[in-house]
Amino acid sequence: MKNTKGKLEVVCGSMFSGKTEELMRRLRRAEFAKQSVLTIKHKIDNRKSVATISSHNGLERVAFSINNSKENINKILELANKNIQVIGIDEIQFFPIEIIDVIVKLIDAGKTVIVAGLDLDFKGEPFGIMPLIMAIADSVLKLKAICVICGKDAHHTQRIVNDVPAKYDDPIILVGAKECYEARCRSCFAIDKQAVLIPQAPQYKETQT
Ligand code: TMP
Ligand code: MG
Ligand code: ZN
């Protein structure tokens, strides 16, 4: 008999849009149905604790911390043993490309993988592996926050350093919350350079017919 494959669900959006809350809701829902759940987070996110994922509204859930090393990434396959049916991964944008291979193996083994992460960085550009993850997903939910300036739907995350918008060349990773980030709509979002949305767009040659 053919083995049944699992699926990949993606929850993305700006900061303060409720991604971790939605991930927790889906994991809790699976647990109500007596499915065994494994929760993973990136070690870099130490905002509340390294041993839990936490939403901006204060909910917490115990999680395994994984760093970028190959051994650590492959450890997810060990942790997600036969009994585990659902794997939730928060802050997926921080992980290196090797995690995609792990996710595909989990799906091939019949598991449901639910990931949450930022689709865009503070520059307004796709965040790390997110475009790839979204492309291979079975479903993608894009959540929006509310712009702190005008109250419209917020698509962007504004990084503020010393009360002014961060510079385009600042490092991509800066762990933090309300003290250095705000949700902003497209009109209120400010960066000192036009975002490069498709850094390596494929070139097509015109063919003659
Ligand atoms: P959150 O989406 O769960 O609120 O968390 C996003 C984390 O990502 C938070 O620690 C801030 C960090 N971050 C970066 O490192 N670089 C960025 O460009 C942005 C927007 C957020
Ligand atoms: Mg979160
Ligand atoms: Zn706005």
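For ligands, and for the atoms within them, numbers begin at 1 and follow the listed sequence.
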*asked:* I need the full list of ring-ring contact (aromatic ring centres under 6.0 Å, His included) pairs touching residues 49-89, with sequence neighbours left out, sorted by first then second residue.
replied: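 Counting only pairs at least two positions apart or across chains, the ring-ring contact (aromatic ring centres under 6.0 Å, His included) contacts touching residues 49-89 are F16-H56.
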*Answer with yes or no whether the hydrophobic clustering places V10 together with I89; edges join I, L, V, M, F, W, Y residues whose side-chain heavy atoms lie under 4.5 Å apart.*
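Yes, it is one cluster - the side chains of V10 and I89 are joined through contacts under 4.5 Å.
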*Under a single-linkage definition using a 4.5 Å side-chain heavy-atom cutoff for Ile, Leu, Val, Met, Phe, Trp and Tyr, are I76 and I100 assigned to the same hydrophobic cluster?*
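The answer is yes; both residues are in one hydrophobic cluster.
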*asked:* At less than 2.8 Å, how many protein N/O/S atoms surround the Zn ion (ligand 3)? Leave waters out.
replied: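 Of the protein's nitrogen, oxygen and sulfur atoms, 4 lie under 2.8 Å from the Zn ion (ligand 3).
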Would the distance check show the side chain of [X] and the main-chain N or O of [Y] forming a donor-acceptor pair, the cut-off being under 3.5 Å?
X	Y	answer
S55	L59	yes
K41	T52	yes
N67	K43	no

Check ion pair [X]-[Y] (N to O, under 4.0 angstrom):
X	Y	answer
K142	D119	yes
K19	E21	no
E22	R26	yes
R61	E31	yes

_Side chains of T20 and D90: any donor to acceptor distance under 3.5 Å?_
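There is such a pair (donor and acceptor under 3.5 Å, judged by atom type) between the side chains of D90 and T20.
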_E98 side chain reached by V102 side chain, heavy atoms, under 4.5 Å_ =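 In short, these two side chains do not touch, never coming nearer than 4.5 Å.
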*Is F95 close to H42 at the side-chain level, that is, under 4.5 Å between some pair of heavy atoms?*
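When only atoms from C-beta onward are counted, F95 and H42 do touch, with a gap below 4.5 Å.
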*Hey, which protein N/O/S atoms does the Mg ion (ligand 2) have under 2.8 Å?*
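Protein N/O/S atoms under 2.8 Å of the Mg ion (ligand 2): T20 OG1.
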*Residue contacts for ligand 1, heavy atom to ligand atom, distance under 4.0 Å*: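 Under the 4.0 Å cut-off, ligand 1 touches M15, K19, T20, R47, H56, E91, Q93, F94, L118, D121, F122, F127, T157, R159, I172, I173, L174, V175, G176, Y181.
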